[in-house]
Amino acid sequence: MNVSRAGLVVALPEECRSLSPRRVQRGDCFPLDDARLVCIAGMGRDNARQAAQRLVEAGARALVSWGCAAALSPLLKAGDLCLPAEIIDAHTGRWVASAAWQRRVREALEHACAVCGEPLLSADRLAASVADKRVLAAASGAVAVDMESAAVAAVASARDLPFLAVRAIADPADMALPGAVVRTTDDTGALSRSALIGELLRHPREIAGVLRLAAQFRAALQTLTRAADRLGADLLLDAGAV
């Protein structure tokens, strides 16, 4: 395997479409080019930690948590970019992104999309309801939530490597995840399309919510794609001290 300098942990194959058109599945670990290595982790803390460790063992000298997040702040909308200076985790405390690297990336992206540098929370489970999001926002002070970034940050810290989280908002704070999606998504984040269709046939009132979520995910994916294009293969890692 080629040695890449930056390793990107991506939870879901669908999120990886912002980086590469190739078909991928959970567990895949591959070089995008000479400067980037990607690992498809699956959703959650343990999967993200294992993926980050695989990337380091494969030669990554910096780690990035790349993908989508849910908004906790009502000021964020689908397609906005969360580029946090700090990651909050109830189990491991607080982790900070590499300051100079985060600043360079933010300056490069702020004219392409709405960028927020406020804290991101890493949670143990999906923030599926509006009430869940309100509780997490009040308890943490974070503006968005995912399930992987803290684990990636912890691996980077243990190996003394630069770390960055790049997360596009897929669902705003005032939106609950459709029940049909929650019921047909497994612990790794994999969605059974056939099971989803069956759920929607039984609960047709949920179709509108699923279509709305799909549109918002597309907006998030477009933002991530623009970010990848603007940052280039080196992700601005070598533009100066990290």
Side-chain angles (χ1 to χ4, degrees), residues 1-70 81-82 87 120 122-126 144-156 159 161-171 177 181-182 184-196 213-214 217-218 220-229 231-235 237:
M1 180 178 291
N2 293 336
V3 174
S4 297
R5 294 186 298 177
L8 292 86
V9 176
V10 183
L12 303 179
E14 294 82 1
E15 294 170 321
C16 194
R17 294 204 301 266
S18 62
L19 298 166
S20 170
R22 67 182 286 174
R23 294 179 64 87
V24 298
Q25 59 186 356
R26 178 175 176 263
D28 285 353
C29 193
F30 60 94
L32 279 177
D33 44 48
D34 290 339
R36 294 175 298 177
L37 185 69
V38 173
C39 193
I40 310 302
M43 190 169 65
R45 182 191 311 274
D46 290 342
N47 290 328
R49 181 180 66 251
Q50 293 168 15
Q53 290 169 342
R54 286 183 66 189
L55 289 168
V56 173
E57 291 165 2
R61 68 175 182 87
L63 290 174
V64 181
S65 175
W66 183 277
C68 296
L81 192 70
C82 188
I87 308 296
L120 171 74
S122 273
D124 290 327
R125 59 185 179 86
L126 283 173
V145 59
D146 72 3
M147 297 177 63
E148 296 82 29
S149 290
V152 180
V155 173
R159 305 297 184 99
L161 297 176
F163 164 77
L164 195 67
V166 181
R167 292 279 174 163
I169 299 300
D171 53 301
L177 292 179
V181 171
V182 176
T184 56
T185 299
D186 67 18
D187 290 341
T188 71
L191 175 72
S192 171
R193 296 183 185 278
S194 59
L196 176 61
L213 180 62
F217 178 78
R218 287 194 297 271
L221 200 65
Q222 289 169 358
T223 293
L224 291 171
T225 301
R226 288 197 300 271
D229 290 344
L231 296 179
D234 68 354
L235 299 174
L237 179 61

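Count residues from 1 along the sequence.
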Do you know which two heavy atoms are closest between [X] and [Y], and how far apart they sit?
X      : Y      : result
Ala170 : Ala220 : CA-CB, 4.0 Å
Ala228 : Trp66  : N-CH2, 3.8 Å
Thr184 : Leu191 : OG1-CD1, 3.1 Å
Leu235 : Ala6   : CD1-CB, 3.9 Å
Leu120 : Asp146 : CD2-OD2, 3.6 Å
Leu37  : Pro31  : CD1-N, 3.5 Å

If you measure from [atom1] on [X] to [atom2] on [Y], what distance do you get to the nearest 0.5 Å?
X      : Y      : atom1 : atom2 : value
Asp187 : Met147 : CG    : CE    : 8.0 Å
Arg61  : Leu161 : CZ    : CG    : 9.5 Å
Arg22  : Leu32  : CZ    : CG    : 8.0 Å

Requested in this report: Can you tell me which residue pairs pass the side chain to side chain donor-acceptor pair (under 3.5 Å) test with a partner in residues 40-49, sequence neighbours excluded?
Outcome: Arg26-Asn47, Arg45-Asp89, Arg45-Asp124, Asp46-Arg49

Requested in this report: I would like to know whether Leu63 and Val155 meet side chain to side chain contact (heavy atoms under 4.5 Å, CB included); could you show each step before the answer?
Outcome: CA-CA 9 Å; Leu63 290 174; Val155 173; 3.9 Å; yes

Backbone N or O of [Y] within a donor-acceptor pair of the [X] side chain at under 3.5 Å?
X      : Y      : answer
Glu15  : Cys68  : yes
Thr185 : Val182 : no
Asp234 : Leu237 : no
Ser122 : Ser149 : yes

Query raised in the report: Quick one: which of Val10, Leu19, Asp229, Val166 gives a side-chain contact (heavy atoms from CB on, under 4.5 Å) with Leu224?
Result: Val166

Query - Steps toward side chain to side chain contact (heavy atoms under 4.5 Å, CB included) verdict (Ile40, Leu12) - result: CA-CA 6 Å; Ile40 310 302; Leu12 303 179; over 6 Å; no

Requested in this report: Just jot down the side chain to side chain donor-acceptor pair (under 3.5 Å) partners of Thr188, sequence neighbours excluded, or say none.
Outcome: Asp186

Query - Exercise: do Ser18 and Thr225 side chains pair donor with acceptor under 3.5 Å - result: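 Ser18 vs Thr225: no donor-acceptor pair found between side chains.
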
Requested in this report: Start with the C-alpha gap between Phe163 and Ser65, add the side-chain angles, then the distance that decides, and say whether side chain to side chain contact (heavy atoms under 4.5 Å, CB included) holds.
Outcome: CA-CA 8 Å; Phe163 164 77; Ser65 175; 4.2 Å; yes

Report summary line: The salt bridge (Lys or Arg N to Asp or Glu O under 4.0 Å) partners of Arg125 (sequence neighbours excluded) come to Asp132

Query raised in the report: Can you check side chain to side chain contact (heavy atoms under 4.5 Å, CB included) on Leu55 and Cys29, steps first, answer last?
Result: CA-CA 8 Å; Leu55 289 168; Cys29 193; 3.9 Å; yes

**Report entry** Lys/Arg N to Asp/Glu carboxylate O, Glu148 vs Arg167, below 4.0 Å
**Finding:**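 Salt bridge between Glu148 and Arg167, a charged N being under 4.0 Å from a carboxylate O: yes.
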
